[in-house]
Amino acid sequence: MKTKPQPLYGLDLLHAGMEALADVEQAGIRIDVAHCEEQRRRMKKREEKLQQRIKDSEIGQQWVKRFGPQTTWGSGQQLAKILFEDFGYVPKVKTASGAASTSEAALEHIDDPVVKDWIQLKSTVKILSTYLGNFQREEVNGYIHPFFNLHTTRTFRSSSDRPNFQNIPVRDKRVRNIVRKSIIPRPGRRIVEIDYGGVEVRVAACYNKDPKLIEYINDPEKDMHRDMAAECLKLDLSEVTKEIRHVGKNGFVFAEFYGSYYKAVARGMWALIQGVKLPDGMEVLDYLCNVHGIGRLGLCESGHEPEPGTFEHHIMQVEEYFWKEMFHAYYKWRQDFYRAYVKRGYFDTLTGFRCQGHMKRNDVINYPVQGSAFHCLLWALIHLNWELKARKMSTVIIGQIHDSIIADVPDSEFDEYVEIAKQIMDEEIRKVWDWIIVPLEVEVERTPVDGDWTQKEVFE
DNA sequence: CACTGGAGCCAC
DNA sequence: AAACGTGGCTCCAGTG
């Protein structure tokens, strides 16, 4: 290392962070302008076609009859009136203010191709305006320069805008391919993305020092998401597939860590396991019903005692085990930390920030973890940027997404870049921040030389 | 015409 | 007692 790691805290961390992120903004991200333009044309055509199909349908004719010159094809409110008042469909989901929802989940049960077209229309417009349109609007000489802010969030995380580089579609394969193919490396180079694995859980362990949680983190053989999936669905560990583990991770462990509770968790998991199969092909739902007699979700309403034999009742018991036995120290930390906030009116984070003001319980237990987890990433980004400059490398950091650093790297510098990044992210950070009491892990992904962002693959 | 809040949806 | 955290962007609908 050519630069000396600094134990930055609080304002010093933000100051150095702003300087580093200014470099990132200046470097910018290369855009495939021709691809962007071509996809915009395609999406524009698709928008017109979908709109025409809706217009020509029975629903469309009723729409014009009812709203006349006020007809707005993108209006969910208007569609709700047509579907639920004129066509007699029954609204299943309500919005926060009590109106009939027209979200994708709310329209799922309506078996009409025109409704599917409308959902597609909304998706197409979003791709067109929020993503491709913004890339084009912000593009200068083939590059966009998204802003990365450190002054906007309650948690002392970052945000990004103009355009937001932190919410580019990745999960939906079709949308990912349309949008992410616009992001490319500089000629002859790769996009390299290095992210911290499970950094929020690791930072949580630094706050609560829960021995069980630390054990899970330290032992590569152990896996709490797999274990909790097995508990929740009454499975043997060997039966936990990747998909079932996903249910345990996002449906149970993360939900509980963020402050949810068994009624909401049971409801959410029940939705997640619809159609999910065991390795032998049996449906998880059938398995729970036939082998364990759990055939119903249960009411899941506050004030209502869970009925034995329901999924809700079972998840209540798993939750009890999770907090009272397994992660008892984590549970106690949450209680103590929140009580101290209520008494004093503020709390301090491990990275040197004081949070004050009106906060709910879940805010108080989440902000410090979320903020400090990001600060690990920020600290690493600052030092990586210093080191790249000190070595006069041509690699540039081009973005940051909460727990990952994205760089534009010539093939000739790839090995050196990964070595420096790992050294900083795994090793150096723990030397200056002694509050980090668990190891940190990173994963490296890279695109081929001249490959677009959809082509990134795990390296090693 | 500027502005605002709701709803929805994208990411971590 | 309460009950899944953080952001940004767009369209729509209403207000002044």
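Note that the coordinates shown come from a computational prediction; the quantities given were computed from them, not determined experimentally. Below, chains carry the letters A, B, ... as their sequence lines are ordered, and counting in each starts from 1.
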* Asked: Which part of the nucleic acid does Ala264(A) contact within heavy-atom distance under 4.0 Å: base, sugar-phosphate only, or nothing?
  -> nothing

(Q) If we ignore hydrogens and angles and just use 3.5 Å, is the side chain of His314(A) paired with the main-chain N or O of Glu231(A) as donor and acceptor? (A) yes

When rounded to whole Å, the CG to P distance for the pair Leu128(A) and dG8(B) reads 21 Å

Here the distance between atom P of dT6(C) and atom CE of Met359(A), to the nearest Å, is 11 Å

Among dC9(C), dC10(B), dA3(C), the one nearest any side-chain atom of Tyr261(A) is dA3(C)

query = Using 30° and 60° as the class limits, which term best fits the ring planes of Trp433(A) and Trp435(A): parallel, tilted or perpendicular?
reply = tilted

Taken to the nearest whole Å, CD1/Ile365(A) to P/dA3(C) is 12 Å

Among the nucleotides dA7(B), dC10(B), dA3(C), whichever has the atom closest to the side chain of Lys126(A) is dC10(B)

Within residues 59-91 of chain A, the residues having a heavy atom closer than 4.0 Å to DNA chain B are none

Extract all donor-acceptor atom pairs below 3.5 Å that involve side chains of residues 254-261 of chain A and protein atoms in other chains or at least two apart in sequence.
| unit_1 | atom_1 | unit_2 | atom_2 | d |
| --- | --- | --- | --- | --- |
| Glu256(A) | OE1 | Trp323(A) | NE1 | 3.0 |
| Tyr258(A) | OH | Glu200(A) | OE1 | 3.4 |

Which label fits Phe337(A) and Tyr207(A): parallel for a plane angle under 30°, tilted from 30 to 60°, or perpendicular past 60°?
perpendicular

Salt bridge (Lys or Arg N to Asp or Glu O under 4.0 Å) filter on Arg137(A), not counting sequence neighbours, yields none

Between CD of Glu256(A) and P of dC4(C) the distance, given in whole Å, is 11 Å

Sorted by number, residues from residues 158-183 of chain A placing a heavy atom under 4.0 Å from DNA chain B are Gln166(A), Asn167(A), Ile168(A), Pro169(A), Val170(A), Arg171(A)

So what does Phe257(A) hit on the nucleic acid, given a heavy-atom distance under 4.0 Å: a base, only sugar-phosphate, or nothing? nothing

Side-chain contact check for Val125(A): nearest option of dC12(B), dC11(C), dC4(C) is dC11(C)

| said: Counting only heavy atoms from other residues, nucleotides and ligands, does the tally under 6.0 Å from CD of Glu108(A) exceed 12? | reply: no

Sorted by number, residues from residues 100-118 of chain A placing a heavy atom under 4.0 Å from DNA chain B are Ser101(A), Thr102(A), Ser103(A), Glu104(A)

query: Looking only at side-chain N and O atoms, does Asn149(A) come under 4.0 Å of OP1 or OP2 in dG7(C)?
result: no

Of dA7(B), dG5(C), dC9(C), the nucleotide closest to the side chain of Gln370(A) is dG5(C)

Whole-Å distance, Ile127(A) CD1 to dG8(C) C1', equals 17 Å

Do Val199(A) and Leu377(A) have side chains that approach each other closer than 4.5 Å (heavy atoms only, starting at C-beta)? no

**Asked** Do Trp453(A) and Phe165(A) have their ring centres less than 6.0 Å from each other?
**Response** yes

Check whether any side-chain N or O of Tyr367(A) sits under 4.0 Å from OP1 or OP2 of dT6(C), and answer yes or no.
-> yes

Determine, for Asp223(A) against Arg245(A), whether the closest basic-nitrogen to carboxylate-oxygen distance falls under 4.0 angstrom.
yes

From NE2 of His402(A) across to P of dC10(B) the rounded distance in Å is 16 Å

TODO: Using modelled atom types only, decide if a donor and an acceptor are shared between the side chain of Arg202(A) and the backbone of Gly197(A) within a distance under 3.5 Å.
DONE: yes

Worksheet item: Would you say the base of dT6(C) and the side-chain of Arg154(A) have a donor-acceptor pair closer than 3.5 Å?
Response: no

To the nearest angstrom, the CZ-P distance between Phe148(A) and dC12(B) comes to 13 Å

Picking from dG6(B), dG5(C), dG7(C), the nucleotide nearest the side-chain atoms of Thr153(A) would be dG7(C)

(message) Centre-to-centre under 6.0 Å for His375(A) and Trp379(A), is that the case here?
(response) no

- prompt: When you check the side-chain N and O atoms of Gln166(A) and Ser158(A), is any donor under 3.5 Å from an acceptor?
  reply: yes

Contacts of Ser159(A) meeting side-chain hydrogen bond (donor to acceptor under 3.5 Å, both in side chains) (sequence neighbours excluded), chain-then-number -> Asn149(A), Thr152(A)

Here the distance between atom C1' of dT10(C) and atom CG of Leu121(A), to the nearest Å, is 13 Å

Checklist entry - Are any of Ser129(A)'s side-chain N or O atoms less than 4.0 Å away from OP1 or OP2 of dT10(C)? => result no

- Task: Remember a base hit wins even if backbone is also touched, and classify Ala99(A) as base, sugar-phosphate or nothing at under 4.0 Å, heavy atoms.
- Result: nothing

